[in-house]
Q: 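Have a look at this one before I ask anything.
Both backbone and side-chain heavy atoms feed into the values below; hydrogens, waters and symmetry mates do not. One-based numbering, in listed order, for ligands and for the atoms of each.
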Amino acid sequence: MDNLNLALRLILSFNLLLLLPCCCCCCSVAPPLPILPLPNAFQIQWQLSHMSLFFHFGLNTFTGQEWGSGHVHPSLFNPTNLNATHWIHLAKLNGFNRVILTAKHHDGFCLWPSQYTNYSVRSSPWKAGTGDVLADLSAAAKLAGVDLGIYLSPWDRHEHCYGDTLLYNQFYLAQMTELLTRYGEIKDVFLDGAKGEGEKDMEYFFHTWFSLIHQLQPAAIIFSDAGPDTRWVGNELGLGASTCWSIYNSTLTPIGGIYNDPRYAAEGDPAGHEWVPALCDVSIRPGWFWHPSELPKSAINLLEIYYKSVGRNCHLLLNVPPNSSGLISPEDIQVLQEFTQLRRSIFSNNFAINALLQASSTRGEGGGTCDSQFSPYNVLKEGIYTYWAPEEYQLRWILYIDLQELVSFNVLQLQEPIQMGQRVSEFHLEALHLDGVWKRVTNGTTIGYQRLLLFPKVKSQHLKLVIDKSRADPLISYLGIYMDPVTIWSSIYDDTVLTSHFNATQVIHIITQDNSPTATILEL
Ligand code: FUL
């Protein structure tokens, strides 16, 4: 063997030695076992969307009512400018890729020409009775790549067979079939539990409805008080609970029985056997329908709601009702745009993005610096499919974060890879203060798809995320550190929505002009 050959062989074997540990430990290690229950593919898609837009529209839009009597004449329905493309455009522009329309509200008036009743757009002057709001919306949604959902009120104050259990259930299934077979793919079916007190009562055949819906639209997420696919959080303020499991036991809270145990509905149940994540519905206005005298909430109110819904492992369903001309009102559009700007300016600047990370342990012993499959650096990659996993059987689970410079911040964002089940039940964040002492910044219980925690402003370079309790080895798929100069942090602990001292234009100015704001704003 000549010298050159020998040298090459040495280099090769040295390289192999370097590579071997990485091949064995970083790349071939088995992923952790998922912990049951798990979401299905459609529930994951729904969770990843994190927000949907709700359109309450119908005869009530023209009468000023919230719960129409069912006896208002269809001739009142006449939107002069109805433009579903405009509704969808607005949704898309503001980051909502799912929308839901009230195809029929409690008054029984149908926004599509149902063959089972005359109480519909067909009897209205709109487009001389030839219009179909569902058809317009589904065409616009399809074109824009936005997912369409329908709300078909079980309670019907117009339909004469309402009250006759067998007949009405059949009637309802027939209307549902029209909606699920005429308008392409339907991604959400919202089953409202409201039934007026002292009115005709009757039993709904929920389980038959569920199976018809899943048979006709297998990808549809069915919402009702208690699942099967998503559950109601229990209030119409857009407020999730600060402990929120997507795990649930629907037999403990039957549909309609949610008020017996509102806490169970809001918090879920780590011992449950079903995956039924929570949905927070709220209207941008005081009412669900548009009324000329009402005004929308401010963008800052919406941001607070965002922290308390999306930031608490829930999906936010925000109602923006079209007005009587068939358009979204300019003041609502403005608020939506300001809300979007606020979110983008706060959450597009993750101070941890260039951080140096180390973990108390890493699955497969890849260590904190190697690009291993379960490296702590995975928490800086967006999405839930890459995550940090600790080694098995550990007594402590800690992520050390060196931001590489002193930073002021007041928001922590965490995500779990929910396709592996929901795990964490207690965690906290510590920061190394300028006096050299580690102090607790904030703590929380569940994380789930997403947790956002707001706290008083902290200035530090070194942080520690400590997972204190978990149903199985904790897995973290994202970690963000942000500065929100506008939300009053104490309001996040108060479950009423506060009105901010600022209007949104001032706020956006503050954020865009000065992204390292002073405490003045925060300490209000
Ligand atoms: C409630 C209904 O009574 C309201 O009118 C609205 O549709 C809301 C989303 O659900 O139960």
Side-chain angles (χ1 to χ4, degrees), residues 51-72 77 87 91 96 98-111 133-134 137 148-159 162 172 175-176 179 188-202 204 206 209 221-227 229-240 253-260 262 265-266 278-291 294 296-297 302 305 309 314-323 332 497:
M51 299 193 298
S52 305
L53 220 51
F54 213 174
F55 299 125
H56 272 67
F57 189 57
L59 273 174
N60 294 343
T61 311
F62 300 83
T63 60
Q65 289 173 310
E66 276 292 311
W67 281 5
S69 64
H71 303 296
V72 170
F77 184 83
W87 306 0
F96 296 80
R98 299 174 88 105
V99 299
I100 301 182
L101 173 69
T102 52
K104 172 178 96 169
H105 201 252
H106 309 326
D107 63 357
F109 182 76
C110 301
L111 293 181
V133 186
L134 246 299
L137 191 63
L148 178 64
I150 51 125
Y151 167 116
L152 181 67
S153 171
W155 183 32
D156 188 327
R157 299 175 102 180
H158 177 84
E159 181 47 46
Y162 188 87
Y172 188 85
Q175 288 203 320
M176 185 64 88
L179 290 174
D188 285 280
V189 175
F190 189 105
L191 300 178
D192 191 334
K195 243 186 202 177
E197 268 177 42
E199 304 238 355
K200 283 188 209 165
D201 199 10
M202 58 163 282
Y204 302 140
F206 279 115
W209 300 1
I221 289 289
I222 304 177
F223 162 91
S224 86
D225 282 0
D229 299 317
T230 59
R231 70 178 197 264
W232 188 39
V233 77
N235 64 71
E236 292 183 340
L237 302 169
L239 305 179
T253 313
I255 300 168
I258 190 169
Y259 289 111
N260 302 339
L279 173 127
C280 293
D281 56 337
V282 64
S283 183
I284 197 168
R285 288 167 167 254
W288 288 97
F289 286 87
W290 176 83
H291 307 298
E294 291 184 351
K297 299 180 168 60
L302 293 189
I305 289 172
S309 56
C314 299
H315 183 107
L316 172 62
L317 175 59
L318 177 66
N319 179 61
V320 181
N323 61 27
D332 299 39
V497 176

Q: For Ala194, counting its heavy atoms only, list the atoms of ligand 1 lying under 4.0 Å from any of them.
A: 3 (O), 11 (O)
Q: Do any nitrogen or oxygen atoms of Asp281 lie less than 3.5 angstrom from nitrogen or oxygen atoms of ligand 1?
A: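 It does not: no N or O of Asp281 is found under 3.5 Å from an N or O of ligand 1.
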Q: Return the closest protein heavy atom for atom 6 (C) of ligand 1 as residue, atom name and distance.
A: His56 NE2, 3.3 Å
Q: Do you know the tightest heavy-atom contact between Tyr151 and Ile100?
A: N-CG2, 3.9 Å
Q: With a 4.0 Å cut-off on heavy atoms, does Tyr151 reach ligand 1?
A: yes
Q: Below 3.5 Å, N or O to N or O, backbone or side chain included: is there any such pair between His106 and ligand 1?
A: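 Yes: some nitrogen or oxygen of His106 is under 3.5 Å from one in ligand 1.
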Q: Give me the nearest non-hydrogen protein atom to atom 2 (C) of ligand 1 as residue plus atom name, then the distance to 0.1 Å.
A: Asp192 OD2, 3.1 Å
Q: According to the interplanar angle, ranging from 0 to 90°, do the rings of His56 and Trp288 count as parallel (below 30°), tilted (30 to 60°) or perpendicular (above 60°)?
A: tilted
Q: Check whether any side-chain heavy atom of Trp290 lies under 4.5 Å from a side-chain heavy atom of Phe57, and answer yes or no.
A: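 SC-SC contact between Trp290 and Phe57 ruled out.
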Q: Do Tyr204 and Tyr172 have ring centroids that are under 6.0 Å from one another?
A: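 Aromatic pair excluded; centres sit 6.0 Å or further apart.
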Q: Could you tell me which residues satisfy side-chain hydrogen bond (donor to acceptor under 3.5 Å, both in side chains) with Glu294, sequence neighbours excluded, listed by chain and number?
A: none
Q: Short list, please: which atoms of ligand 1 are under 4.0 Å from a heavy atom of Phe54?
A: 9 (C)
Q: Quick one: nearest non-hydrogen protein atom to atom 5 (O) of ligand 1, plus distance?
A: His105 NE2, 2.9 Å
Q: Does Val189 reach the side chain of Leu152, with side-chain heavy atoms less than 4.5 Å apart?
A: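 Not touching, per the 4.5 Å side-chain cut-off.
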Q: Sequence neighbours excluded, which residues qualify as side-chain hydrogen bond (donor to acceptor under 3.5 Å, both in side chains) partners of His291?
A: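 Applying side-chain hydrogen bond (donor to acceptor under 3.5 Å, both in side chains) to His291 gives Glu66.
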Q: Could you list which atoms of ligand 1 come closer than 4.0 Å to a heavy atom of Glu236?
A: 1 (C), 8 (C), 10 (O), 11 (O)
